[in-house]
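Just so we're clear, the structure is a prediction, and the values are computed from it rather than from any experiment. Here is the naming used below: chain letters follow the sequence lines, and residue numbers restart at 1 for every chain.
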Protein chains: 2
Amino acid sequence: MARTIGVIGDRWTLLILRECFLRARRFEGFQSALGITRHLLAERLKKLVRQGVLRRIPYQESPKRHEYILTQKGLDLYPIMMALVHWGDTHMVDERGRPLLHEHRKCGKMFDPVMVCSECGEPLSAKEVQVHPRPGARPALENASLERRRQAA
Amino acid sequence: MARTIGVIGDRWTLLILRECFLRARRFEGFQSALGITRHLLAERLKKLVRQGVLRRIPYQESPKRHEYILTQKGLDLYPIMMALVHWGDTHMVDERGRPLLHEHRKCGKMFDPVMVCSECGEPLSAKEVQVHPRPGARPALENASLERRRQAA
DNA sequence: TCGTACCGTTCTAAAATTGAACTGTCAAAT
DNA sequence: ATTTGACAGTTCAATTTTAGAACGGTACGA
C-alpha cells in the first residue's frame with residue numbers, strides 16, 4: 001500500500017488520472033479541467049510516465065505534441081477510482097446528490113461497485129479478513145498496554 | 001471523487017488509516033509504526049475526527065488519554081484500502097513478493113479483492129462502463145481537436 | 001500581420017512538512 | 001525521594017512543495 005501511495009498519493013495525481021479515465025489526453029485538457037498549475041501538471045505527467053502509468057505518444061511534429069494515454073498499469077487503477085467515487089457517493093454527497101451515474105454495458109443497468117472475494121465471490125468487509133504477514137513484512141503493531149503487561153510478566 | 005480525495009488524499013492519511021485497520025489505536029502506536037512527525041500526526045488525527053472517519057474515545061482520566069477508532073464511515077474505506085493494496089501487489093512488488101496475504105474467514109482461502117457490478121456480479125473494467133453526468137456535474141471534457149473542428153463548422 | 005491554440009518553463013511568494021526539542025502527567029523502579 | 005520511562009501532545013526554525021503569474025516558442029487561420 002505504501003508503494004501505491006508513492007505513485008498516486010498526492011492531491012493532484014488521482015484527479016489527473018480521473019481525467020484520463022474521462023478521456024482527457026492533452027496538457028491543455030487536463031489543465032483547464034482541473035485548474036491545476038501548469039508547473040505541477042507538467043511535473044505530475046512526467047512522474048506518471050516515468051512510473052509507467054501513462055504513455056507519452058506523439059500526435060504531431062513541429063511543434064512536437066504528445067498525448068498522455070493510460071497504460072495497462074494505469075487502466076488497472078480503475079478499481080481504486082471506483083472505490084473512491086463510491087465512498088464519496090455514500091458519505092460525502094450534498095443535497096444535489098451524486099454527480100455521476102455509472103452504467104454497466106454488459107448488463108445495461110446503473111450499478112455501484114462492490115468488492116468481493118476472488119475465491120468465493122462474497123462481498124468483503126474488514127472484520128472477515130485475516131492478515132498473514134510474510135517474511136520481509138514490517139513487524140505487526142502491538143497494543144501498547146499488552147506490550148507492557150507482557151514485559152512485566 | 002474530488003471530495004473523497006479531500007479526506008484521504010495526502011501522503012499520510014491513508015497510511016494512518018491502514019494502521020487503524022491493522023488495529024492501531026493510540027498516538028504512540030501510529031507514530032512509531034509510521035515514522036510520521038508528531039506534529040503532522042496530531043494534525044491528521046484531528047482532521048479525521050472532524051470528518052467523522054475516526055472517533056476519539058477516552059480510555060483513562062488523568063492524564064487524559066484517548067484512542068482513535070474507525071467509525072462506520074471509516075470502516076467503509078476498506079474497499080479503497082484493498083484496491084490500493086492489490087494494485088501495489090500487482091504492479092509494485094520487488095523480488096521479495098507481496099508483504100501480506102489476506103485470508104477470507106468465511107471461505108477460509110487466501111484471496112484477492114475483485115471489483116464487480118452490483119447488478120450482474122461481473123468483474124468491472126473501465127471500457128465496459130458508461131458514465132452519465134447528472135444535473136450539477138461538471139461539464140464533460142471535450143477532445144480538443146474535436147472542439148476546434150466543431151467551432152470551425 | 002495579428003490573434004489564438006498549444007505545451008511547456010521560469011520565477012517569486014505562500015503554504016505544508018520535517019526534525020528536533022519542549023511540556024506535562026502519571027506509574028514503576030531505584 | 002528521586003529518577004526513569006511511557007504517553008500525548010505543542011512549539012518553532014529550516015526545508016520542501018505548491019500556487020500564481022508571466023514568459024517563450026511554434027504553428028494555424030483570418
Euclidean distance, atom CD of residue B:Glu28 to atom C1' of C:dC26 [Å, nearest integer]: 15 Å
Side chains of residues 41-53 of chain A: which donor-acceptor pairs under 3.5 Å do they make with residues two or more places apart or in other chains?
residue : atom : partner : partner atom : Å
A:Arg44 : NE   : A:Asp10 : OD2          : 2.8
A:Arg44 : NH2  : A:Asp10 : OD2          : 3.4
A:Lys47 : NZ   : A:Gly6  : O            : 3.3

Under 4.0 angstrom between B:Arg25 side-chain N/O and D:dA8 OP1 or OP2: no
Distance, rounded to the nearest Å, where B:Lys64 contributes NZ and C:dC26 contributes P: 12 Å
Pair A:Arg38 + A:Glu28: basic N to acidic O under 4.0 Å: yes
Per-nucleotide protein contact string for nucleotides 12-20 of chain D, where B marks a base within reach and S marks sugar-phosphate only (heavy atoms under 4.0 Å, - for neither): ------SBB
Gap between atoms OH and C1', on B:Tyr68 and D:dC7 respectively (whole Å): 12 Å
NZ/NE/NH1/NH2 to OD/OE distance under 4.0 Å, B:Arg3 and A:Asp89: no
Side-chain N,O (B:Lys47) to OP1/OP2 (C:dA16) below 4.0 Å: no
Polar contact flag, side-chain donor to acceptor under 3.5 angstrom, B:Arg56-B:Tyr68: yes
Nearest-0.5 Å distance that lies between atom CG in A:Leu70 and atom OH in A:Tyr78: 11.5 Å
side-chain N/O B:Tyr59 vs D:dA8 OP1/OP2, d < 4.0 Å: yes
Side-chain donor-acceptor pairs under 3.5 Å in residues 119-130 of chain B, sequence neighbours left out?
residue  : atom : partner  : partner atom : Å
B:Glu128 : OE1  : A:His104 : NE2          : 3.4
B:Gln130 : OE1  : A:Arg105 : NH2          : 2.6

C:dT9 OP1/OP2 closer than 4.0 Å to side-chain N/O of A:Lys46: yes
Under 3.5 Å donor-acceptor pair, A:Arg65 side-chain atoms to C:dC7 base atoms: no
